[in-house]
Number of protein chains: 2
Amino acid sequence: MKEVRARRPLADSTAVHDQVYDAIRQALITGKIAPGVGVSLRSLAAELGVSPMPVRDAVRRLVAERALAINPANKRLSVPSLSAERLEQLELARQWIEPELAARAAPKADEALVRKLRAIDQDLEEALRVGDVDRYMVANHAFHFAIYERAGAEVLLAMAGGLWLQIGPFMRVVFGRVGTGSLPADRHAEAMDALKARDAEGARRAIAADLSEGMDKMRAAVEAGAGLTAAPTGQTVITVS
Amino acid sequence: MKEVRARRPLADSTAVHDQVYDAIRQALITGKIAPGVGVSLRSLAAELGVSPMPVRDAVRRLVAERALAINPANKRLSVPSLSAERLEQLELARQWIEPELAARAAPKADEALVRKLRAIDQDLEEALRVGDVDRYMVANHAFHFAIYERAGAEVLLAMAGGLWLQIGPFMRVVFGRVGTGSLPADRHAEAMDALKARDAEGARRAIAADLSEGMDKMRAAVEAGAGLTAAPTGQTVITVS
DNA sequence: CACGCGAAATTGCGATCACAATGCACGAAC
DNA sequence: GTTCGTGCATTGTGATCGCAATTTCGCGTG
């Protein structure tokens with residue numbers, strides 16, 4: 001475990017704790033870490049090849065964003081378990097904030113944005129065809145936030161990002177069960193049309209509909225799913241690359 | 001600066017970094033730290049009498065909650081400056097989430113809650129009479145969140161907490177200028193009546209109106225205020241517990 | 001007096017060590 | 001065979017040290 005660690009100039013772009021944060025964040029969004037399982041700082045650190053320190057920093061951020069939970073007694077941290085209450089609140093919040101962001105982005109949309117969205121959406125459908133769940137989720141996230149960033153609403157964007165972070169594990173459970181084939185991307189086409197036309201209300205409706213469909217599936221899966229809250233004895237086989 | 005530091009059993013209640021977090025959080029909510037001023041880890045640590053490490057942890061959380069900003073170039077941190085855009089988004093988010101929480105709390109309200117609210121409100125009015133801004137803000141925060149906690153909506157509650165944290169510095173600026181005497185607490189009485197009657201929509205309206213009045217004052221102050229990002233030479237006197 | 005320019009101080013970041021506390025497991029007693 | 005207690009391993013937390021980079025200030029030059 002004592003490896004030669006390349007010491008980067010450290011000023012080029014991102015700090016180590018940011019990279020660790022992104023790694024765990026991606027693992028959460030794509031659902032690579034199952035809900036309910038416990039993770040430890042040192043195990044994560046060893047897995048990522050860094051010292052526990054930057055992992056601590058990253059974990060602090062994630063806990064603050066409610067993407068990771070910390071047992072107040074144990075002080076041991078884990079992925080928050082999936083409950084119907086949490087999902088209901090997350091859905092409500094998403095249904096309010098994300099259509100709003102889409103509506104604000106519409107007037108500022110341009111040809112470049114639509115082109116970028118079309119490229120992402122093609123990748124998304126490709127992922128759907130081949131059944132690559134991870135790739136689909138990454139593309140879906142990219143699609144939505146390419147729109148939301150255009151709104152130029154920093155505060156709301158950060159809130160939306162936090163919500164996606166919290167809802168990632170839910171998504172993974174759903175698509176792990178239902179499969180990716182059953183989710184049509186029609187709403188994405190509607191959204192792109194509305195953005196192309198700078199139609200704020202149309203974009204709002206399209207995103208709202210897209211969210212509704214996705215959340216419906218999640219709610220159904222959570223209500224029907226028995227072991228969604230995961231076994232506390234879960235093995236943490238997390239491959240954060 | 002080499003003091004004998006009492007080593008607490010550490011398992012009694014809260015960790016040091018939590019105390020530091022609470023200290024800075026309180027300082028932000030009550031507006032003890034002015035927007036735009038830069039703070040350093042070591043200076044905060046020295047002021048609090050701890051090592052820079054727990055301060056780093058606390059700051060990490062606060063940055064994640066957007067209560068502190070970090071200059072990507074400098075990597076130096078400061079309180080986010082007050083802009084009309086930020087205020088507009090914060091107002092929108094508050095206007096959506098806080099009435100919702102109040103409405104959810106109303107059916108669960110009981111006599112004990114109303115009594116507690118009445119006590120807080122009396123303290124609040126007392127603070128208004130004597131012109132104690134800090135005490136007023138603490139009481140106002142306590143009033144609102146005594147209600148919101150009753151909703152039992154963990155996710156929404158956390159979001160509301162984050163919003164208050166971001167809007168704290170704004171509040172301080174407003175009340176530092178306008179003075180506390182001009183803010184009537186009538187809406188609080190309405191809210192208490194609605195809660196007592198378990199009237200969800202009434203509680204929603206009361207909180208919405210309360211927010212509107214407060215945010216109107218803030219918006220007016222921000223639009224009119226020139227030196228809102230200014231940095232008073234204030235010594236930030238923060239103390240741990 | 002103004003303007004660089006270089007050295008010292010400050011700052012954030014990461015690693016390593018120390019410590020208290022909890023979790024876990026192996027083994028002994030009934 | 002079941003149960004309880006004792007030891008070791010692991011965990012989170014905090015302090016201290018080192019490093020690189022940026023800021024800051026003083027000094028010399030124009």
Side-chain angles (χ1 to χ4, degrees), chain A residues 1-24 36-64 68-79 231-236 238, chain B residues 1-24 37-64 68-79 231 236 240-241:
Chain A
M1 189 44 65
K2 182 72 62 176
E3 306 175 5
V4 177
R5 190 155 20 253
R7 175 163 289 277
R8 206 169 312 107
L10 218 260
D12 50 355
S13 56
T14 57
V16 175
H17 71 88
D18 276 320
Q19 299 180 9
V20 173
Y21 172 81
D22 287 335
I24 305 179
V37 306
V39 292
S40 76
L41 293 183
R42 283 178 172 85
S43 65
L44 281 173
E47 199 161 351
L48 295 169
V50 298
S51 87
M53 192 59 61
V55 179
R56 257 175 69 178
D57 292 348
V59 164
R60 281 267 183 249
R61 286 180 61 181
L62 292 164
V63 169
L68 286 178
I70 176 170
N71 188 328
N74 287 11
K75 309 200 169 201
R76 207 158 246 140
L77 49 87
S78 62
V79 180
T233 62
Q235 302 84 331
T236 81
I238 42 182
Chain B
M1 186 38 77
K2 182 71 62 176
E3 306 174 6
V4 177
R5 188 156 19 256
R7 175 164 287 277
R8 207 172 305 110
L10 222 257
D12 51 355
S13 56
T14 57
V16 176
H17 70 87
D18 275 320
Q19 299 180 12
V20 173
Y21 171 81
D22 287 336
I24 304 179
V37 305
V39 291
S40 76
L41 293 184
R42 283 179 171 83
S43 65
L44 280 174
E47 198 163 350
L48 294 168
V50 298
S51 87
M53 189 62 60
V55 178
R56 257 174 67 178
D57 291 347
V59 163
R60 216 50 91 195
R61 286 180 61 182
L62 291 164
V63 169
L68 285 178
I70 175 170
N71 189 325
N74 287 11
K75 310 200 169 202
R76 203 160 250 140
L77 50 87
S78 61
V79 180
T236 63
V240 173
S241 63

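Proteins come first, then strands; the chains are lettered A, B, ... in the order of their sequence lines, and each starts at number 1. Quantities reported herein were computed from a predicted structural model and do not represent experimental measurements.
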Measure the distance from CZ on B:R76 to P on D:dT22 and round it to the nearest whole Å. 11 Å

In whole angstroms, the gap separating P of C:dA20 from NZ of A:K75 amounts to 14 Å

Can you give me the bend angle of the helix from C:dC1-D:dG30 to C:dC30-D:dG1? Use the axis through the first five pairs and the one through the last five, nearest 10 degrees. 0°

Could you work out which one of C:dG23, C:dA15, C:dG12 sits closest to the side chain of B:L41? C:dG12

Taking only the side-chain nitrogens and oxygens of B:R60, find out if one of them lies under 4.0 Å from OP1 or OP2 of C:dC13. yes

Check this one for me: any side-chain N or O of B:S40 less than 4.0 Å away from OP1 or OP2 of C:dT11? yes

Can you tell if the side chain of B:N71 reaches within under 4.5 Å of the side chain of B:L77, non-hydrogen atoms only? no

Distance check, rounded to the nearest 0.5 Å: B:H17 atom NE2 versus B:R60 atom CZ? 13.5 Å

Contacts of type salt bridge (Lys or Arg N to Asp or Glu O under 4.0 Å), residue B:D18, not counting sequence neighbours: B:R61

Mind calculating the distance between CG (B:L44) and P (C:dT10) to the nearest angstrom? 16 Å

With a non-hydrogen cut-off below 4.0 angstrom, is B:R56 in contact with a base, only sugar-phosphate, or nothing? base

Qualifying residues under side-chain hydrogen bond (donor to acceptor under 3.5 Å, both in side chains), relative to A:S78, sequence neighbours excluded: none

Base C:dG12 to side chain B:R42, donor-acceptor N/O within 3.5 Å cut-off: yes

Nearest whole angstrom, please: distance from the P of D:dG12 to the CG of A:L68. 11 Å

Interatomic spacing from CD1 in B:I24 to CG in B:L62 - rounded to 0.5 Å: 5.5 Å

Assign each of A:M53 and A:L77 the nucleotide of DNA chain D bearing its closest heavy atom; nearer the 5' end lies the nucleotide of A:L77

Assuming nearest nucleotide by heavy-atom distance, tell me which of A:D57 and B:S43 is located more 5' along DNA chain C. B:S43

When the distance from OH of A:Y21 to P of C:dG14 is rounded to whole Å, what number comes out? 15 Å

Who pairs with B:R76 by salt bridge (Lys or Arg N to Asp or Glu O under 4.0 Å), at least two apart in sequence or on another chain? none

Measure from the side chain of B:I70, starting at C-beta and using heavy atoms only, and say which of C:dC13, C:dG14, D:dT11 lies closest. C:dC13

At their closest point, which heavy atom of A:A58 faces which heavy atom of A:V20, and how far apart are they? CB-CG1, 3.7 Å

What is the distance from NE2 of A:H17 to P of C:dA15, rounded to the nearest Å? 11 Å

What is the distance, rounded to the nearest whole Å, between atom CZ of B:R61 and atom C1' of D:dG12? 15 Å

